[in-house]
Visitor: 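Structure in structure tokens, see below.
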Amino acid sequence: MTQAIDQHIIQENILLDKFRNLTIEEQQTILDFVEFMYRKKNRLPENQEVSAYDLAKEWAGSVDSGIGDLSTNKKYLQGFGK
């Protein structure tokens with residue numbers, strides 16, 4: 001298991017080193033391709049922007065803030081939607 005993780009880190013570092021040696025234009029081409037692959041994988045239309053929620057939805061709700069349901073506090077909801 002550790003060997004697989006080490007190999008992954010080595011490959012990641014090689015990729016980053018090669019990426020850093022590209023021109024800004026070449027880096028942008030790589031970023032565009034990665035964005036294309038992300039959209040293809042997640043079936044997002046080419047012209048649709050990705051929201052912060054789309055990028056983090058797998059972690060949504062995974063942290064308990066300790067705050068109760070604010071909708072039960074009538075004072076908090078005064079003026080909401082005006």
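The first residue in the sequence is number 1, and the count goes up from there. Keep in mind that the numbers below use all heavy atoms, side chains included, and drop hydrogens, waters and symmetry copies. Please read all numbers here as calculations on a predicted model, not as lab measurements.
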Visitor: Rounded to the nearest 0.5 Å, how far does CZ of Arg20 lie from CG of Leu15?
Guide: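 One finds 9.5 Å between CG of Leu15 and CZ of Arg20.
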Visitor: At what distance, to the nearest 0.5 angstrom, does CD1 of Ile24 lie from CG of Leu31?
Guide: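 Ile24 atom CD1 to Leu31 atom CG measures 9.5 Å (nearest 0.5 Å).
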Visitor: What distance do Lys40 atom NZ and Phe33 atom CZ have between them, rounded to the nearest 0.5 Å?
Guide: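 Rounded to the nearest 0.5 Å, the NZ-CZ separation comes out at 8.0 Å.
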Visitor: How long is the gap from CD on Glu12 to CG on Asp17, to the nearest 0.5 Å?
Guide: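 The CG atom of Asp17 is 11.0 Å from CD of Glu12, to the nearest 0.5 Å.
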Visitor: Report the C-alpha distance between Glu26 and Thr29 in whole Å, list the side-chain angles of each, state the deciding distance to 0.1 Å, and finish with yes or no for side chain to side chain donor-acceptor pair (under 3.5 Å).
Guide: CA-CA 5 Å; Glu26 292 167 332; Thr29 301; over 6 Å; no
Visitor: Taking Gln11 for the side chain and His8 for the main chain, is one N or O donor matched with an acceptor at less than 3.5 Å?
Guide: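 Not confirmed, Gln11 side chain does not pair with His8 backbone.
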